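Beneath this line is the structure, given in structure tokens, with notes to follow.
Bear in mind the structure is a predicted one, so any value in this text is a computation, not a measurement. Heavy atoms only: backbone and side chains are in, while hydrogens, waters and symmetry mates are out.
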Amino acid sequence: MSAPLFLVESLPAGSSFTLDGPEGHHAATVQRLRVGEALILADGRGGTARAEVSAVGRGSVDVDVLSVAEEPAPDPRLVVVQGIAKGDRGELAVQAMTEVGVDEILPWAASRSVAQWRGDRGFKARDKWTATAREAAKQARRPWLPIVGGEPDCSTKQVTARLAAAAAAFVLHEEASERLTAAELPESGDVVLVVGPEGGISDAELDAFREAGAVPVRLGHAVLRTSTAGVAALAVLSARLNRW
């Protein structure tokens, strides 16, 4: 089993370090790391430090830093505009997309989104997506944390602007004739993918996205749920971009 990953504000400057706070508690109390066991410290911005536990305290662990590395930011970047879904389907999508390598997620208030993120509820819901992405990135041992960006509920107008600025933009749509497996991909920049909510993408939204330069694409003959469509598309893109 690979060494567990813990997030820190910044990488250790010296050869020793004390991991405390919530991450230290998790390491000492939940995972029950012992002296001599390996772990990874990551700053979520590409920096990692491989370390070994030298002592275990109450809610903290002391470590010896063995090596430090920096992984460059992914390029092209994979950005998913995720239609806000009801229940826990949005969080399931965020978790799985983080595990397969998404770089940024934008919550989208589509016209057919059943759930509405307004006011404080929107900020709380987005914070929950951010926390979900953080934990999934740790589980996947990712040195880069994905961004959950934009407004708590990006409007179609905001999404359209993002699509227009992308190096490549795609909309998953069941009636599209072009397949994502054959779509032209850029060598650099943002690849933005739109995933609709449970009710799908309206004709007006699809027309706006097309005008912004987005290409409707499909994955296959099956119609996937909003919680799984983005994951499947990211797998295709990751393979085609030689991430996998």
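Ionic pairing of Glu104 and Arg162 is present here: one or more N-O contacts between side-chain nitrogen and carboxylate oxygen are shorter than 4.0 angstrom. Using a 4.0 Å cut-off between a side-chain N of Lys or Arg and a carboxylate O of Asp or Glu, Lys128 and Glu91 qualify as a salt bridge. A salt bridge does not link Arg50 with Asp64: every distance from a Lys NZ or Arg NE/NH1/NH2 to an Asp or Glu carboxylate oxygen is 4.0 Å or more. In this structure, Glu135 pairs ionically with Lys138, as a charged nitrogen and a carboxylate oxygen lie closer than 4.0 Å.
You'll find the side chain of Glu198 reaches within 4.5 Å of the side chain of Lys86, heavy atoms only. Between Phe17 and Val8 the shortest side-chain heavy-atom distance falls below 4.5 Å. By the 4.5 Å heavy-atom criterion applied to side chains, Pro216 and Glu178 are not counted as neighbours. In this structure the side chain of Val80 reaches within 4.5 angstrom of the side chain of Val195, judged on heavy atoms.
If you run side chain to side chain contact (heavy atoms under 4.5 Å, CB included) between Val159 and each of Leu106, Val171, Val81, Val192, only Val81 comes through. Checking Leu219, Leu241, Val217 one by one against Val236, the side chain to side chain contact (heavy atoms under 4.5 Å, CB included) holds for a single residue, Leu219.
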> Is there a side-chain contact (heavy atoms from CB on, under 4.5 Å) between Arg243 and Arg240 once you walk through the steps?
Replying inline: CA-CA 8 Å; Arg243 287 190 174 201; Arg240 293 195 59 202; over 6 Å; no
>> The test is side-chain contact (heavy atoms from CB on, under 4.5 Å); show your working for Asp103 and Ile147 and say whether it passes.
In response: CA-CA 6 Å; Asp103 297 304; Ile147 299 168; over 6 Å; no
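A donor and an acceptor atom, one from each side chain of Glu205 and Ser111, are located under 3.5 Å apart. Between the side chains of Glu70 and Thr48, not a single donor N or O lies within less than 3.5 Å of an accepting N or O.
Hydrophobic clustering, with ILVMFWY side chains joined whenever heavy atoms are under 4.5 angstrom apart, groups Val63 together with Leu33. The cluster map of Ile, Leu, Val, Met, Phe, Trp and Tyr, joined by side-chain heavy atoms under 4.5 Å apart, puts Leu11 and Val61 in the same cluster. Criterion: ILVMFWY side-chain heavy atoms under 4.5 Å apart, direct or through other members. Under it, Leu145 and Val94 are not part of a common hydrophobic cluster. Under a hydrophobic-cluster definition in which Ile, Leu, Val, Met, Phe, Trp and Tyr are linked whenever side-chain heavy atoms come within less than 4.5 Å, directly or via other members, Val191 and Val100 are assigned to the same cluster. Under the 4.5 Å side-chain contact rule for hydrophobic residues, Val68 and Ile40 do not share a cluster.
The hydrophobic cluster analysis finds Val223 isolated: no Ile, Leu, Val, Met, Phe, Trp or Tyr side chain comes under 4.5 Å of it, directly or through other members.
Judged as a ring-ring contact (aromatic ring centres under 6.0 Å, His included), the pairs with a partner in residues 126-181 (not counting sequence neighbours) are, in order, Trp117-Trp129.
In this structure, Leu224 CG and Leu172 CG are separated by 8.5 Å, a value rounded to the nearest 0.5 Å. Taking OG1 of Thr132 as the reference point, atom CE of Met97 lies at 11.0 Å (rounded to 0.5 Å). Rounded to the nearest 0.5 Å, atoms CD1 (Ile105) and CG (Leu78) are 11.0 Å apart.
Annotation for Ala3 and Arg141: closest pair O-NE, 3.1 Å, computed over non-hydrogen atoms.
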